[in-house]
Every structure is written in structure tokens, then in C-alpha cells.
There are 4 protein chains.
Amino acid sequence: MSGVNKVIIVGRLGKDPEVRHLENGASVANFPVATSETYKDRNTGERKEQTEWHNVVLWRGLADVAEKYLNKGDMVYIEGKLRTRSWEKDGITRYTTEIVGDNMTMLSPKGSNDGGQSTGGSMSSSASQQEQNVASTPAGDIALEDESDDLPF
Amino acid sequence: MSGVNKVIIVGRLGKDPEVRHLENGASVANFPVATSETYKDRNTGERKEQTEWHNVVLWRGLADVAEKYLNKGDMVYIEGKLRTRSWEKDGITRYTTEIVGDNMTMLSPKGSNDGGQSTGGSMSSSASQQEQNVASTPAGDIALEDESDDLPF
Amino acid sequence: MSGVNKVIIVGRLGKDPEVRHLENGASVANFPVATSETYKDRNTGERKEQTEWHNVVLWRGLADVAEKYLNKGDMVYIEGKLRTRSWEKDGITRYTTEIVGDNMTMLSPKGSNDGGQSTGGSMSSSASQQEQNVASTPAGDIALEDESDDLPF
Amino acid sequence: MSGVNKVIIVGRLGKDPEVRHLENGASVANFPVATSETYKDRNTGERKEQTEWHNVVLWRGLADVAEKYLNKGDMVYIEGKLRTRSWEKDGITRYTTEIVGDNMTMLSPKGSNDGGQSTGGSMSSSASQQEQNVASTPAGDIALEDESDDLPF
DNA sequence: TTTT
DNA sequence: TTTT
């Protein structure tokens, strides 16, 4: 059987990415992203904000991009899939659901969190869960050197 | 701040929906949905299947549709948002991530699980998290009586 | 039969929205949005950018939000459906495909296009293709007064 | 600049796929897909159906899968991007908007259109717009032999 | 816990 | 031009 398992979020990083570099050369980035929505309280009529936190995991090239360019507070578009992992603690099985991203677009103006450039822009990166090499042009543009995007159709 | 929190899955129900009817008249349906993907084991070269389980929650009209028409094994398209709830057990805080659906399309042929009609088809339902009344036409078509879909644009 | 017809874009407005106010009180906004992707030319190895233009249509409350807050150059997240219209010109039938949005999140920092505030933020609006009233809080936050979002689940 | 350009449809093929095999070895499949939604006429109160037609284009491995397994009437999940092409006819520029699919899941029970097996199922295929080889197991399962899906994370 |  |  097969199916579809797709998540799309646009939100802000709650922390800087934590990036680990594995023995096999792959890197993994983890960071929380908040998405919030506004709703009106049924009883009080007040506007309230409901925030949802998502655990995002990025692999390889996307992890490298996250390490270099993403900071706490940045707004990102993340597309990926849900994965629930189980782990033991004190003899108790616990579950964590993560978003394993395979596509990311940075939505915060460049340098907005570190005193750099101030005009808007976004950077986009895409991964096919394969090996990727990250290139950064002088202008700060980011692209994954990936055979998969040779053709624009 | 605001953002986007969207999930789309296509998969099969692992169990019949469990539906509760709340005191205030609202109904809630819960059921697990499996999405699976096929991948090739890097070492053995074997095709393997990875299954992911999702906890789906539907409210009101969609819960009623689920109660009436969804069964274990059925294939569904679910669109919704992620919500992580925490709950206490034995003094330990645990977390569960659910997909709160606001749109559903039934993809299994009608009657495929209960000896009914045999030709294919799908039924679609949409909710705006507001009051809904469910109507079922003689032909088995399902629709939420909702002011919101008066116009087709 | 039923199905799914969903589009999600994140891009920049090519022009200010054109808003018409219909006799029946409804408003409609039209504007083009550019999404671009970067790819590597197979022959030259050069980085190239491919831009795609989308015709976006918003109705009622979302049109009002667009009229008030969206400007050429702004980045937006738009979620909606595809609709292809045909029209006659010089006796020839022509077709136009549009994205009819039912959800929008403004991704440009407030005031970034008119000399206003400079720190980031986003505003989100959602429509269920029903009547909407737009409220703007003093802080500039936007929300559609819609029964549908009374509850945050 | 970068952005997001994503379409997701679930609908039925209006015709068998037309597949062309290009000189360079690549194949391209074209076929129309109908998505429909039900709405209630504001004046008459009648249930009506609004059908939208989408021009789908698949390349390489996905085109091969379409050629082998997709038929008129089949239900499919297609994920891809919008692309508007212009072409000349009688000195007039015309535009066509297509969905260039990069992910497909077959939702019709196998053999439902050719007298084969009768129990439900779905087949899924994914492409990264790179070279793909299609493998069909004896059981009829489909997979793109693609380095990119070696790992299931 | 689904399905092929 | 699909399907129920």
C-alpha cells in the first residue's frame, strides 16, 4: 500500500537549530517552529492566539542550510512528512511526532536577525533525501547542487 | 503572529472510528490512519515498506460522516492541522500529536467493506469548524449543509 | 463524484490588488503573484531563475484585507483552488486559469512597502467562502469575524 | 527570490494518457483530470456539482507509470506545480496552465478498468525530476528506482 | 492498527 | 473529457 503524508507549515523558529554531524558525513538539524492562529473566544468574545509547536528535523543539505542561515525568530516555510518516533525513558515508552522536512523556504529578510542586510527576500532549498552539496553565492543565495533540479519544468 | 499549519494525508483506517457525542451536542470521531511509503534498503537492495500511523480527530459534521460511512480499511483523504496535546499519567506528562481534520474525501468504493454497492466512487466533505448538518441523499452522497458552500467559486 | 483541488503558493505581488465592489455588496480582488525557483542549466551549468505568474482572486473579506494591506512587492502565502474560466474575444474562446484563494497569510514585514514599521511579522486571514467582516485591531492585526473560527481546535 | 508553487489534486482521468517518447529518451504523459465539488445553489436550494478540469503533465518515470497503469476513469492523487505556457495560433498568443506532477498515487483499485483484480489498493510513485527507472514487481507494485528514496526518514 |  |  502507499499513500500521502504531507505537512506544510509557515512559522517562526523558537530556538536556533541544533545541528549534529554524523560519522557517515550526514548532518541533522533539529529546531522547534511555532505556528499560531487567532480565534475568538466563544464566551468572552476576546481575540485569542493559539500557538502550536512543531519539532522540525532536516537532513543533509537542508541541515547545512539551516545551520548557516536559520536563527531563532526567523520565519520559514517547511514542507515535509510526519514521523512519530518512540523512545524509552525510565522504562516508559514515549512518543514524539516530528516533521521531517524535504523542502524549505526562508521567509525572513536576510540579515534581519544579525544586523546584516535589511531589504526583504527569501531563500529556498529543496531536497530529495539524497546527497546534496550546498553552494552559497556571494549574494547570499542558497541552492542545493542537486541533479534533480537541472530542469525547470 | 500567524502562520500556516496544514497536513494532508491519504491512507487507510486502522480501526473503525470511535465517536463520542458530547453534552453540548457536538460529536467527535477518533481513528488511526496509516500512510506507507516504499523505499529500497540501502544495504540489501530490498524493497521495504515504512508505515506511519496518524491519529485523526474529526468534529461535528465530519465526525457524523465518519461514524456513518467510514470503516476500518477504508482509504481516505484527510486535510487538517497538527495539534499536540499533553496529558498526565502516573504523574508523567505525555504528548500526543493529532491531525484535526477540516476536510475529508472518502476514496474507497462505496460498500466495499460491508457488502453494499460495488462500483467505485468517492465522497467528499468539508468543514469550517462550525455547526454542520449532515445530509445523505438517496444515492448515498454526502454533504454538509453549510452556508459556506453556497457558491462554487 | 468529489475530489481535491488545492493550490498553495508563496510569492510576491506583481501589482497592487485591483478590487471591485459588486452591487450585491461583495468585493473581489485580483492580483498577480510570482513564484520563482532556481535551477541549474543543464548545458551551461549556470544558475537560472524560472518565474511563474499566478492570477489570484480573492472574494469578500479576503478581498477587503487585500485592498487594505497588500501592495505590489509584498510576499504572501495563498491557499486556494484552481479555476479555469473561458471568455470570448474577437470570436475566439480563450482560457484563463486562476487561483481562487480561501486562505491568506501576509509574510512581508508590516509597513515594509510604505515607510511604516520595520520589524517582521505576518498576518493571517482565512475564509470559508461565506460572509465575512473584517476587523483591524489598533495593532494592525487582521481577522475575519467569522463564526467558523470560534474554536481553536 | 524564491517561493512555493504547489498543487494537489485528487480526481479522475477524463481520457487515457497520451505519452510521447522524446528523442533524448525522456517520455512525457499528458492527460486531463477532473475534480468536482458539490455545492448548494443559493436560489433553488438544489445540490449542484461543479467540475474543474486540470491538464496534467508527467515526465520520465512518472510518464512511464501513467502509460502502463493509468486509464480513463481512474482516480489519482497528483502533486506538482503550476506552469503556464504560451503558444501561438493564427497569430494569436494563447495560454495554457498545466500541472507538472512530481508525485502521483493511484487510487483506483487495480484492474478496475480492465477486468483484472477487484479488491482495492493504491500505488504510489514519486519523482524528483531526475532520471528514473520504473520497476514493476510481479504483484504489480510500482516503484521508481531512485537513489533518493533509499532512506525512509 | 490498515492495505497490497 | 471523468465519476456518482
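Below, chains carry the letters A, B, ... as their sequence lines are ordered, and counting in each starts from 1. Not measured: the values here are computed from a predicted model.
- In this structure, A/N5 atom CG and E/dT3 atom P are separated by 19 Å, rounded to whole Å.
- For B/S36 and E/dT4, a side-chain-to-base donor-acceptor distance below 3.5 Å is absent, hydrogens and geometry of angles not being considered.
- For the side chain to side chain contact (heavy atoms under 4.5 Å, CB included) with D/F31, the qualifying choice from D/D16, D/L70, D/V57 is D/L70, the only one to do so.
- For B/R12 and E/dT1, the CZ to C1' distance is 14 Å, given to the nearest whole Å.
- Whole-Å rounding puts the B/N30 CG to E/dT2 P distance at 18 Å.
- Between the P atom of E/dT3 and the CD1 atom of B/I9 lies a distance of 16 Å, rounded to the nearest Å.
- A salt bridge is defined here as a Lys NZ or Arg NE, NH1 or NH2 lying under 4.0 Å from an Asp or Glu carboxylate O, and B/E37 with A/K81 meets this definition.
- For the pair B/E37 CD and E/dT3 P, the interatomic distance rounds to 20 Å; values are reported in whole Å.
- For B/E49, whose side chain is taken as the heavy atoms from C-beta onward, the closest listed nucleotide among E/dT2, F/dT2, E/dT1 is E/dT2.
- Every residue two or more places apart in sequence or in another chain that forms a side chain to side chain contact (heavy atoms under 4.5 Å, CB included) with A/T97 is listed here: A/L82, A/T84, B/T97.
- The base of F/dT4 does not come close enough to the side chain of C/S2 for any donor and acceptor atom to sit less than 3.5 Å apart.
- Residues satisfying the side-chain hydrogen bond (donor to acceptor under 3.5 Å, both in side chains) criterion with A/R85, sequence neighbours excluded, are A/E98.
- If you measure from atom CG of B/N71 to atom P of E/dT1, you get 18 Å, rounded to the nearest angstrom.
- For the pair B/L13 CG and E/dT3 C1', the interatomic distance rounds to 12 Å; values are reported in whole Å.
- Computed from coordinates, the D/Y77 OH to F/dT3 P distance equals 23 Å when rounded to whole Å.
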